[in-house]
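Some notes on the structure that comes next.
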Amino acid sequence: VPLTDAVITAKAAVMSESGQPRPVQVLPDGTVVAGWDVVEVAQTLESDTIDVIVRSDLDGDELEAERVLVNDALANRPLKRLETFFLLKRLEHVERATWRSSDFQSARPKSLEDEARKWLGIKKREVYRFKKIMELPRPIRLAAAAGYLGVRLAHDMVGLRAELME
């Protein structure tokens, strides 16, 4: 999710005054896994250099790299509720895959419902709506996440889709 001009301007003002808030984390091949907002602001400021940490420990560990990426987005991006839900869903997928590959030695991953209610302060019914929206084709999901399509309308489309498939 790209930052809006207003957010970039605000972050640029802070970064000009206080310096880079945290280093950008990259894989050895240069793929950014954390700090996309810092990169965007640095480009806006036309900075010659930025602080970077090369995460060799994540090289070849796609699940852990994705966990870092999602957690960074949750912590540092201004997200709409449905966008946050999508990221929580992605994080749940990563945690379940990690748990399955760990011979079930660690604690069971947290449920999406609990995490969504905690992060978003929403009720069970809205979690259900968001989960149903996840079943829709990608363009409709993206339109709903961007706010072009209301959550209730997108949820109604789930029912319409089921009727059309019968």
Side-chain angles (χ1 to χ4, degrees), residues 1-122 126-127 130-131 133-134 138-139 141-149 151:
V1 178
L3 295 175
T4 63
D5 290 341
V7 172
I8 289 175
T9 302
K11 287 186 177 230
V14 170
M15 201 160 137
S16 294
E17 196 172 295
S18 308
Q20 187 175 333
R22 65 191 184 289
V24 175
Q25 298 178 40
V26 299
L27 297 177
D29 68 1
T31 304
V32 176
V33 291
W36 273 107
D37 58 323
V38 174
V39 171
E40 287 181 54
V41 171
Q43 288 173 339
T44 300
L45 294 173
E46 298 178 357
S47 298
D48 293 335
T49 60
I50 57 174
D51 296 331
V52 174
I53 296 175
V54 179
R55 296 289 307 264
S56 299
D57 59 316
L58 299 178
D59 196 25
D61 189 350
E62 290 180 22
L63 289 174
E64 190 57 31
E66 188 170 359
R67 182 193 324 267
V68 171
L69 180 79
V70 170
N71 279 320
D72 180 64
L74 286 168
N76 297 301
R77 291 254 181 217
L79 300 167
K80 294 182 173 122
R81 292 173 357 143
L82 196 52
E83 292 168 330
T84 301
F85 186 83
F86 287 162
L87 289 175
L88 291 172
K89 177 79 173 149
R90 209 52 225 145
L91 195 56
E92 178 194 46
H93 168 76
V94 168
E95 289 179 356
R96 285 184 187 276
T98 304
W99 182 67
R100 276 190 231 107
S101 67
S102 71
D103 296 326
F104 309 107
Q105 299 300 316
S106 60
R108 187 171 182 82
K110 297 172 186 162
S111 78
L112 175 63
E113 290 81 6
D114 292 342
E115 287 298 292
R117 290 202 317 260
K118 181 180 86 175
W119 274 80
L120 301 169
I122 59 177
E126 197 158 9
V127 171
F130 284 2
K131 285 174 83 172
I133 291 169
M134 296 292 290
R138 188 169 190 268
R141 286 196 322 258
L142 293 176
Y148 298 123
L149 185 65
V151 170

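Excluded from the calculations below are hydrogen atoms, water molecules and symmetry mates; all remaining heavy atoms, backbone and side chain alike, are included.
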- Message: Tell me if a side-chain donor or acceptor on T9 pairs with a main-chain N or O of D5 at a distance below 3.5 Å.
- Response: yes

- Query: If you measure from CG on L82 to CG on L120, what distance do you get to the nearest 0.5 Å?
  - Reply: 9.0 Å

- Supply the atom-to-atom distance L69 CG to E62 CD, rounded to the nearest 0.5 angstrom. 12.5 Å

- Query: Just wondering, do V7 and R77 contact through their side chains at under 4.5 Å, heavy atoms?
  - Reply: no

- Item | Atom pair CZ/NZ of F130 and K89 - distance to nearest 0.5 Å | 14.0 Å

- Item | Heavy-atom side-chain proximity of E115 to E92 below 4.5 angstrom | no

- Query: To the nearest 0.5 Å, how far apart are CG in L58 and CG in L63?
  - Reply: 11.0 Å

- Query: Looking at CG of L91 and CD of E66, how far apart are the two atoms once the value is rounded to the nearest 0.5 Å?
  - Reply: 8.5 Å

- Message: Show the nearest heavy-atom pair for residues P28 and S56, with the distance to one decimal.
- Response: CG-CA, 4.0 Å

- Counting N and O atoms only, with roles assigned by atom type, does the side chain of T44 sit under 3.5 Å from a partner on the main chain of E40, one being a donor and the other an acceptor? yes

- side chain to side chain contact (heavy atoms under 4.5 Å, CB included) with V52: which residues, sequence neighbours excluded? V24, V26, I50

- Indicate yes or no: at least one non-hydrogen side-chain atom of Q25 is less than 4.5 angstrom from one of V68. yes

- Message: Is any side-chain heavy atom of D72 closer than 4.5 Å to one of R22?
- Response: yes

- Note on the structure: Smallest heavy-atom separation, L45 atom then S16 atom, equals CD2-OG, 3.5 Å

- Task: Report the C-alpha distance between D51 and V38 in whole Å, list the side-chain angles of each, state the deciding distance to 0.1 Å, and finish with yes or no for side chain to side chain contact (heavy atoms under 4.5 Å, CB included).
- Result: CA-CA 10 Å; D51 296 331; V38 174; over 6 Å; no

- Enter the distance from S47:OG to M15:CE here, rounded to the nearest 0.5 Å. 5.0 Å

- Query: Of all heavy-atom pairs between V127 and A116, which one has the smallest distance, and what is that distance?
  - Reply: CG2-CB, 4.0 Å

